[in-house]
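A note on names: the letters A, B, ... follow the listed sequences, proteins ahead of strands, and every chain is numbered from 1.
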Protein chains: 2
Amino acid sequence: MWDAMTNIVVNEELGEAGALDVSSIEHSVIFQIKRTQALLTRRFQSRFAGFDLRPGEYGILLLIATNPGRKQTEIADALGVQRANFVPLINALERRQLTERRPSLQDRRSNALYLTPIGESFVQKICQVEAAFEAECTARLGGVKAREAFLALLSRLVAGTAVTGP
Amino acid sequence: MWDAMTNIVVNEELGEAGALDVSSIEHSVIFQIKRTQALLTRRFQSRFAGFDLRPGEYGILLLIATNPGRKQTEIADALGVQRANFVPLINALERRQLTERRPSLQDRRSNALYLTPIGESFVQKICQVEAAFEAECTARLGGVKAREAFLALLSRLVAGTAVTGP
DNA sequence: TATTGTTATACTCTATAACTATA
DNA sequence: TATAGTTATAGAGTATAACAATA
């Protein structure tokens, strides 16, 4: 072990015991964002455990609720999900009778997405849980203004980065 | 269909065209962290494209470099990787002769991890790229003080959340 | 009994290519 | 020719269970 105070190698045979030196990743933006996202997603999922919902499915329901009648590709794009990967997600929601696909009259290639009545009441319930979760995040960040500043920093961090792509 | 010149909704039968209403996820901490992490990781990976390195492998090399002789489990824990999933990662690095496992003399169950000479020079090279990446992040965030404040917010967001778990 | 490394396995998320039917 | 939806597939990342060797 290298001791910065004494400039002497200690316990060199097996490396020192005690805590690791994690300074190299502790101040790294990319490492800490990844770690935070993983922990936050875990907590998010635990809140929605009773609804059998994944974060991706939640986003779909929310966007359809506020944008009924839109095409699959539009919803998928807004969520950053490729249309090929969107299919099994919307299939699962449709199988649970939360959403439905109606053939578009203008463009017979595309499906217009809607919530079913069951889906409407389901969204109302999960919106309450999500609002509580976001409120907790806002409180942890120090209030609404602090949250907006935080979101602005996130945005600046990736400004100009392509939203989709390889 | 939305006509930007006339500001008139046309073809309203199937829902309006134009941009979706994404306000519900635009101000959501969990959605924006997920999006930012995905975009930032993509940019990170493109910078390391020439090294054939994934973010996970980069973290392992960095931690071994600053903590030579530590056990696999210690390195894995610090990175939030389960020991079962750590095995193929360290195998790949060893196959490329960047790291090596030496049997521990104190505890014959465990392997002590070290960089090879090849690994040492490799780490020096990728550290330059990583420093440039972090410097760019710092600049985007508004300087060193702003970055530390940002990292503090990330930390507060998940304070008290278990690092590992189900 | 508990821990270290390992194997096997499974599930999610993501990425690409190719097909069909429309436009 | 281009686009919308779909299928198939492959690669990462992550999760659990179980085992042998060792503590």
Side-chain angles (χ1 to χ4, degrees), chain A residues 14 17 31 34-35 37-39 41-42 44-46 48-49 52-60 69-77 79-94 99-113 162-166, chain B residues 1 11 14 17 31 34-35 37-39 41-42 44-46 48-49 52-60 69-77 79-94 99-113 162-166:
Chain A
L14 242 194
F31 275 97
K34 186 183 177 188
R35 175 176 174 275
Q37 192 266 335
L39 293 174
T41 296
R42 176 163 302 165
F44 181 89
Q45 284 180 296
S46 73
F48 285 91
D52 189 27
L53 258 193
R54 289 168 291 182
E57 294 179 332
Y58 169 75
I60 294 173
R70 291 306 195 107
K71 301 189 294 187
Q72 290 188 196
T73 302
E74 290 180 303
I75 303 292
D77 282 352
L79 292 169
V81 177
Q82 297 184 67
R83 68 189 199 278
N85 297 326
F86 188 84
V87 175
L89 292 172
I90 194 70
N91 280 347
L93 293 175
E94 200 169 70
T99 64
E100 64 175 332
R101 285 178 259 216
R102 297 184 205 157
S104 168
L105 301 181
Q106 278 89 348
D107 185 342
R108 278 145 59 203
R109 294 173 299 182
S110 62
N111 297 328
L113 299 182
V163 178
T164 59
Chain B
M1 175 186 207
N11 285 346
L14 249 191
F31 275 97
K34 185 183 176 188
R35 175 176 173 274
Q37 192 266 335
L39 293 173
T41 296
R42 176 163 301 167
F44 181 89
Q45 286 181 293
S46 73
F48 285 92
D52 189 26
L53 259 193
R54 290 167 291 183
E57 294 180 331
Y58 169 76
I60 294 173
R70 290 306 195 108
K71 301 190 295 188
Q72 288 188 198
T73 302
E74 290 180 303
I75 302 293
D77 282 352
L79 292 168
V81 178
Q82 298 183 68
R83 67 188 199 280
N85 297 326
F86 188 83
V87 175
L89 292 172
I90 194 70
N91 280 346
L93 294 175
E94 201 169 69
T99 64
E100 62 175 331
R101 285 179 259 217
R102 298 185 202 157
S104 168
L105 301 181
Q106 277 88 346
D107 184 341
R108 277 145 59 202
R109 294 175 299 183
S110 63
N111 297 328
L113 299 182
V163 178
T164 59

Quiz item: Which sits closer to the 5' end of DNA chain D, A/Lys34 or A/Asn111, going by the nucleotide each is nearest to?
Solution: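 Nearer the 5' end of the strand: A/Asn111.
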Quiz item: Between B/Val81 and A/Ile90, which is nearer to the 5' end of DNA chain D once each is assigned its nearest nucleotide?
Solution: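 Between the two, 5'-proximity favours A/Ile90.
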Whole-Å gap separating [atom2] ([N]) and [atom1] ([X]):
| X | N | atom1 | atom2 | result |
| --- | --- | --- | --- | --- |
| B/Asn85 | C/dA8 | CG | P | 14 Å |
| A/Arg42 | D/dT16 | CZ | C1' | 13 Å |
| A/Arg70 | D/dT3 | CZ | P | 18 Å |
| A/Ile75 | D/dG5 | CD1 | P | 10 Å |
| B/Lys71 | D/dA21 | NZ | P | 19 Å |
| B/Gln82 | C/dT3 | CD | P | 16 Å |
| B/Arg54 | C/dT14 | CZ | P | 17 Å |
| A/Leu89 | D/dT6 | CG | P | 12 Å |

Quiz item: What's the verdict on side-chain contact (heavy atoms from CB on, under 4.5 Å) for A/Phe86 and A/Thr73, showing C-alpha distance, side-chain angles and the deciding distance?
Solution: CA-CA 8 Å; A/Phe86 188 84; A/Thr73 302; over 6 Å; no
Quiz item: What residues, two or more places apart in sequence or in another chain, satisfy side-chain hydrogen bond (donor to acceptor under 3.5 Å, both in side chains) together with A/Gln45?
Solution: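 If we apply the side-chain hydrogen bond (donor to acceptor under 3.5 Å, both in side chains) test to A/Gln45, skipping adjacent residues, there are no hits.
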Shorter than 3.5 Å, N or O on both sides, protein versus nucleotides 18-23 of chain C: list them out with atom names.
unit_1 : atom_1 : unit_2   : atom_2 : d
C/dA23 : OP1    : A/Arg108 : N      : 3.1

Practice problem: Establish, with yes or no, whether the OP1 or OP2 oxygen of D/dA4 is under 4.0 angstrom from a side-chain nitrogen or oxygen of A/Ser104. | Solution: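 Checking A/Ser104 against D/dA4: no side-chain N or O falls below 4.0 Å of OP1 or OP2.
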Quiz item: Does A/Thr73 make a side-chain N or O approach to OP1 or OP2 of D/dT3 shorter than 4.0 Å?
Solution: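 Negative; the distance criterion is not met.
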Quiz item: Taking the side chain as C-beta and beyond, is there a heavy-atom pair between B/Arg83 and B/Gln72 under 4.5 Å?
Solution: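 Of all side-chain heavy-atom pairs linking B/Gln72 with B/Arg83, none is under 4.5 Å.
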Exercise. Determine the interplanar angle of the A/Phe44 and A/Tyr58 rings, folded into 0 to 90°, and report it as parallel if under 30°, tilted if 30 to 60°, perpendicular if over 60°.
Key: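 Perpendicular: the ring planes of A/Phe44 and A/Tyr58 meet at over 60°.
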Practice problem: Would you please name every residue forming a salt bridge (charged side-chain N to carboxylate O under 4.0 Å, His left out) with B/Arg108, sequence neighbours left out? | Solution: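 Partners of B/Arg108 under the salt bridge (charged side-chain N to carboxylate O under 4.0 Å, His left out) test: none.
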Quiz item: Would you call B/Glu74-B/Lys71 a salt bridge at under 4.0 Å N-O?
Solution: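 Answer for the salt bridge query: no.
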Self-check item: B/Leu89 CG to B/Thr99 OG1 distance, which is reported to the nearest 0.5 Å
Solution: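 Rounded to the nearest 0.5 Å, the CG-OG1 separation comes out at 10.5 Å.
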